[in-house]
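Working notes, structure below.
For the numbers below, each heavy atom of this structure counts, side chains included, while hydrogens, waters and symmetry mates do not. Owing to the predicted nature of the structure, the values given are computational and were not obtained by experimental measurement.
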Amino acid sequence: MHGISTRSLLISHAAAPILFLLLAAIGYFVVEVTLKVLLGISLAEAHHVLQSNIPFKDAFAASVVALSAAGAGWIAAKTSNIRPLVHGAFSAAAFFLLFFYSTVHDIFQVPDNVAFRLQSLYKLSQLAVPLFGVIGASIVALTGPSRASDRDA
């Protein structure tokens, strides 16, 4: 493809799972500590409350997927010389394919599509990973000149 930076896409593909794991670990810890402080319970009790709350797990997983894809899109746009939105859209293609396979596999393997109904927001966020990548790239495009225009100036 003309105008696509392989280096930028490799960097963003490496960043997507790293961001996913970091955001999940830090975010979950922050939520647990917040519950501990607000409710006055132990961390073990806070962990049990969070694990038994399906809507929380669904919303938390969806937000981590969205934020990591937006972060990968931002990184792809920041490290590319041209076409930041295209790089943002392709920034997590491998991540998207993995999630897409997971979603399709869950729909066809689980009886009565129970998993899809219980985690619908999470499944929807998995399928919108390219859109979140474009959102991350849009932040770069809107906040300042790209690296190519910096060189021209």
Side-chain angles (χ1 to χ4, degrees), residues 4-80 83-144 146:
I4 300 293
S5 169
T6 305
R7 178 184 60 89
S8 174
L9 292 178
L10 287 174
I11 291 169
S12 64
H13 275 78
I18 293 168
L19 286 171
F20 180 81
L21 293 173
L22 281 174
L23 289 169
I26 293 169
Y28 194 80
F29 179 72
V30 167
V31 170
E32 274 187 338
V33 170
T34 303
L35 277 178
K36 178 184 179 345
V37 170
L38 292 178
L39 300 178
I41 58 178
S42 69
L43 283 177
E45 290 174 282
H47 177 73
H48 178 69
V49 166
L50 294 177
Q51 287 300 312
S52 62
N53 191 340
I54 292 174
F56 166 77
K57 288 169 47 175
D58 183 30
F60 182 75
S63 63
V64 170
V65 167
L67 288 172
S68 61
W74 183 86
I75 290 170
K78 201 70 168 163
T79 58
S80 68
R83 299 184 182 184
L85 296 179
V86 172
H87 283 87
F90 288 135
S91 65
F95 215 36
F96 169 74
L97 292 175
L98 178 68
F99 283 142
F100 184 74
Y101 171 76
S102 168
T103 300
V104 170
H105 183 267
D106 286 352
I107 289 172
F108 289 113
Q109 296 298 324
V110 177
D112 299 326
N113 299 331
V114 174
F116 188 76
R117 279 186 282 172
L118 292 179
Q119 294 188 332
S120 56
L121 185 61
Y122 176 57
K123 296 296 181 185
L124 183 63
S125 71
Q126 289 177 347
L127 298 178
V129 165
L131 175 64
F132 295 126
V134 170
I135 290 170
S138 297
I139 294 169
V140 172
L142 293 173
T143 58
S146 66

With a 3.5 Å cut-off and sequence neighbours excluded, list the donor-acceptor pairs that the side chains of residues 15-25 form with protein atoms.
none

> Applying side-chain hydrogen bond (donor to acceptor under 3.5 Å, both in side chains), which residue pairs with at least one partner in residues 13-23 are found, sequence neighbours left out?
Replying inline: none
>> Could you work out, with side-chain contact (heavy atoms from CB on, under 4.5 Å) as the rule, every residue matching A76, not counting sequence neighbours?
In response: S8, S12, H87, S91
> Can you name the side-chain contact (heavy atoms from CB on, under 4.5 Å) partners of A70, sequence neighbours left out?
Replying inline: none
> Residues two or more places apart in sequence or in another chain: which of them pass side-chain contact (heavy atoms from CB on, under 4.5 Å) with L39?
Replying inline: L35, I41
>> Y28: which residues meet the side-chain contact (heavy atoms from CB on, under 4.5 Å) condition with it, sequence neighbours left out?
In response: E32, H47, L50, Q51, F56, F60
> What residue pairs, at least two apart or across chains, pass side-chain hydrogen bond (donor to acceptor under 3.5 Å, both in side chains) with a residue in residues 34-44?
Replying inline: S42-E45
